[in-house]
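What follows is a set of notes on a single structure, which appears directly below.
Sequence lines set the chain letters: A, B, ... in the order given, protein chains first and strands last, and positions in each chain run from 1.
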2 protein chains.
Amino acid sequence: MFSLAEENYLKAIYHLEHENQGEVSTNAIAERMDTKPSSVTDMVQKLAEKEVLSYKKYKGTLLTPTGRKIAANVIRKHRLWEVFLVEKLNFHWDEVHEIAEQLEHIQSDELIVRLDKFLGSPDFDPHGDPIPDKHGNVKRTEKKLLSECEKNQRGVCVGVKESSGEFLQYLDKRKISIGTKIKVLGKEFFDGSMIIQVGSDQFFISQKIAENLYVQTN
Amino acid sequence: MFSLAEENYLKAIYHLEHENQGEVSTNAIAERMDTKPSSVTDMVQKLAEKEVLSYKKYKGTLLTPTGRKIAANVIRKHRLWEVFLVEKLNFHWDEVHEIAEQLEHIQSDELIVRLDKFLGSPDFDPHGDPIPDKHGNVKRTEKKLLSECEKNQRGVCVGVKESSGEFLQYLDKRKISIGTKIKVLGKEFFDGSMIIQVGSDQFFISQKIAENLYVQTN
DNA sequence: CTATATTTTTAGACAAGGGTAAAAATATTT
DNA sequence: AAATATTTTTACCCTTGTCTAAAAATATAG
């Protein structure tokens with residue numbers, strides 16, 4: 001099977017593939033894994049031999065379908081354990097990552113089948129990220145405007161509609177950028193304004209803002 | 001801190017110390033850990049440097065108080081996870097050992113505090129073994145005759161009262177020896193006979209037998 | 001289209017943990 | 001007590017995953 005180190009590489013490459021479409025560079029992996037490019041080259045060559053990724057010298061890597069499935073399964077385990085830690089052991093959602101990083105490598109398919117059932121087969125982890133199903137498939141949804149979201153919905157910022165300087169400056173001040181997770185805490189029907197959560201900050205936004213932000217929702 | 005391999009050595013030595021009183025031999029550790037004596041020597045010397053055990057060449061090893069505490073904590077985690085697997089995930093008690101062998105190495109004190117609370121601070125694991133408390137102390141109880149045990153009590157065989165050949169042969173046939181776990185499934189007041197469980201076997205024993213077996217109960 | 005900068009790979013080393021084979025110490029027989 | 005058997009240790013090699021330094025490939029600038 002795959003070692004702890006190998007699983008971590010596959011996971012990192014999986015995430016990098018989704019962030020920047022296309023080949024993943026050696027340096028990008030090294031930075032993500034907090035290791036040296038030379039170590040990455042070694043590991044990537046080993047994983048290519050195992051046919052979980054395709055690798056062309058100096059050209060970067062891509063997961064094979066097998067590799068993608070393995071990576072998705074590690075992520076599935078990570079996120080299920082996060083749900084367990086928050087829902088059952090009452091951890092706060094920002095305390096669970098490190099523990100889940102360890103738990104995700106526990107090897108037992110039956111354990112995960114039962115854990116999933118015990119948790120009620122959740123679709124999302126406590127951070128709002130989708131949990132891949134047992135085949136490694138992730139529910140991917142279409143983007144929509146933040147203003148179309150309902151109370152308690154979560155989304156990931158994937159773009160803006162109108163990109164004026166003032167608007168981008170506003171987003172910068174609010175620490176919103178591509179990939180930022182947003183949760184709608186409240187919505188006022190009268191004027192379409194919202195209270196949203198971004199990281200640990202909660203604040204008010206007008207309808208005009210909400211109509212200019214694209215999010216990918218759960 | 002201590003690596004996975006180091007924790008496993010400490011755990012094995014802890015158990016061996018309790019089984020055979022006194023120094024633990026290199027060969028005994030090697031056999032228990034399914035490794036070679038030469039590897040044991042290396043590791044034992046390393047652990048002696050770290051002052052978790054005392055080691056005299058050719059004389060065997062003993063855990064230091066620090067080492068014993070670390071080992072007891074690993075065992076605590078192992079047994080708490082076994083309770084989780086059986087009570088919450090509905091595994092059968094004989095399916096959980098391998099998974100718990102992995103889970104016992106997850107590093108997070110807070111996780112164990114919360115897991116323990118979630119499980120209702122159990123005193124025993126699903127096999128009937130006591131769970132060390134957070135300071136590494138194990139409830140040790142006095143031995144008594146099996147005949148003094150009540151229904152549903154569990155005990156570990158620690159000796160016999162009268163050791164005639166016939167009796168020892170009987171015990172051999174029933175696969176009962178020092179360390180064998182016994183659970184009282186039923187007790188007949190009329191004649192003091194019992195139905196007991198030994199491993200996965202269940203059978204009937206007379207009062208005469210029950211009065212000749214010493215057990216250490218929970 | 002060279003020259004320079006950056007990225008990536010190779011070569012060689014190291015630490016952890018484990019294995020083999022032989023030497024050294026201890027135990028057991030006779 | 002000497003001879004033999006067993007246990008334990010030593011010396012050396014292997015694998016995994018990492019690092020540093022230098023070489024090679026690619027990208028960027030002038």
Handout entry: Interatomic distance, B:M43 CE vs D:dT8 P [rounded to whole Å]
Key = 18 Å

Exercise for the section: Could you tell me whether B:T35 contacts a base, only the sugar-phosphate backbone, or nothing, with contacts defined as non-hydrogen atoms closer than 4.0 Å? Expected result: sugar-phosphate

Exercise for the section: Look at the side-chain N and O atoms of A:S38 and state whether any lies under 4.0 Å from the OP1 or OP2 oxygen of D:dC19. Expected result: no

Exercise for the section: Mind running salt bridge (Lys or Arg N to Asp or Glu O under 4.0 Å) on A:K50 and A:E6 for me, showing each step along the way? Expected result: CA-CA 11 Å; A:K50 292 197 175 189; A:E6 289 171 334; 3.0 Å; yes

Fill in the blank from the handout: Taken to the nearest whole Å, CG/A:L4 to C1'/C:dA16 is 15 Å

Practice task
Specify the separation, in whole Å, of atom CG of A:D42 and atom P of C:dG12.
Solution key: 13 Å

Problem - Contact under 4.0 Å: A:N27 side-chain N or O vs C:dT8 OP1/OP2 - result: yes

Practice task
Find the distance A:K56:NZ to C:dT7:C1' and express it as a whole number of Å.
Solution key: 19 Å

Practice task
Go through the steps to decide whether A:R114 and A:E110 satisfy the test salt bridge (Lys or Arg N to Asp or Glu O under 4.0 Å), and finish with yes or no.
Solution key: CA-CA 6 Å; A:R114 290 180 187 242; A:E110 184 63 18; 2.8 Å; yes

Problem - Row check, B:F118 ring normal vs B:K88 NZ/CZ: under 6.0 Å, within 45° - result: yes

Problem - By side-chain contact (heavy atoms from CB on, under 4.5 Å) - contacts of A:P126 (at least two apart) - result: A:E82, A:V83, A:V86, A:W93

Handout entry: Parallel, tilted or perpendicular: rings of A:F84 and B:W81 (30°, 60°)
Key = tilted

Handout entry: Atom-pair distance (CD on B:E7; P on C:dA16), nearest Å
Key = 16 Å

Exercise for the section: Could you state the atom-to-atom distance from NZ of B:K36 to P of D:dC14 in whole Å? Expected result: 18 Å

Handout entry: Reference residue A:D125; test salt bridge (Lys or Arg N to Asp or Glu O under 4.0 Å); the match among A:R79, A:R154, A:K181
Key = A:R79

Practice task
Mind calculating the distance between CD1 (A:I29) and P (C:dT7) to the nearest angstrom?
Solution key: 14 Å

Using the 3.5 Å cut-off, write out each protein N or O paired with an N or O of nucleotides 23-28 of chain C and the distance between them.
| unit_1 | atom_1 | unit_2 | atom_2 | d |
| --- | --- | --- | --- | --- |
| C:dA25 | O4' | B:Y58 | OH | 3.4 |

Handout entry: Trace of the salt bridge (Lys or Arg N to Asp or Glu O under 4.0 Å) decision for B:D109 with B:K134
Key = CA-CA 10 Å; B:D109 292 345; B:K134 62 197 71 176; over 6 Å; no

Exercise for the section: Find the distance A:E6:CD to D:dT18:P and express it as a whole number of Å. Expected result: 10 Å

Practice task
Without swapping roles, check the side chain of A:E95 against the backbone of A:H92 for a donor-acceptor pair under 3.5 Å.
Solution key: yes

Practice task
Give me the residues of residues 9-26 of chain B where at least one heavy atom lies under 4.0 Å from an atom of DNA chain C, by number, or none.
Solution key: B:Y9

Handout entry: Beyond-backbone contact of A:R174 with A:Q169, side-chain heavy atoms, under 4.5 angstrom
Key = no

Practice task
Would you indicate, yes or no, if D:dT9 has its OP1 or OP2 atom less than 4.0 angstrom from a side-chain nitrogen or oxygen of B:T41?
Solution key: yes

Practice task
Ignoring backbone atoms, test whether A:Y55 places a side-chain nitrogen or oxygen under 4.0 Å from the OP1 or OP2 oxygen of C:dT9.
Solution key: yes

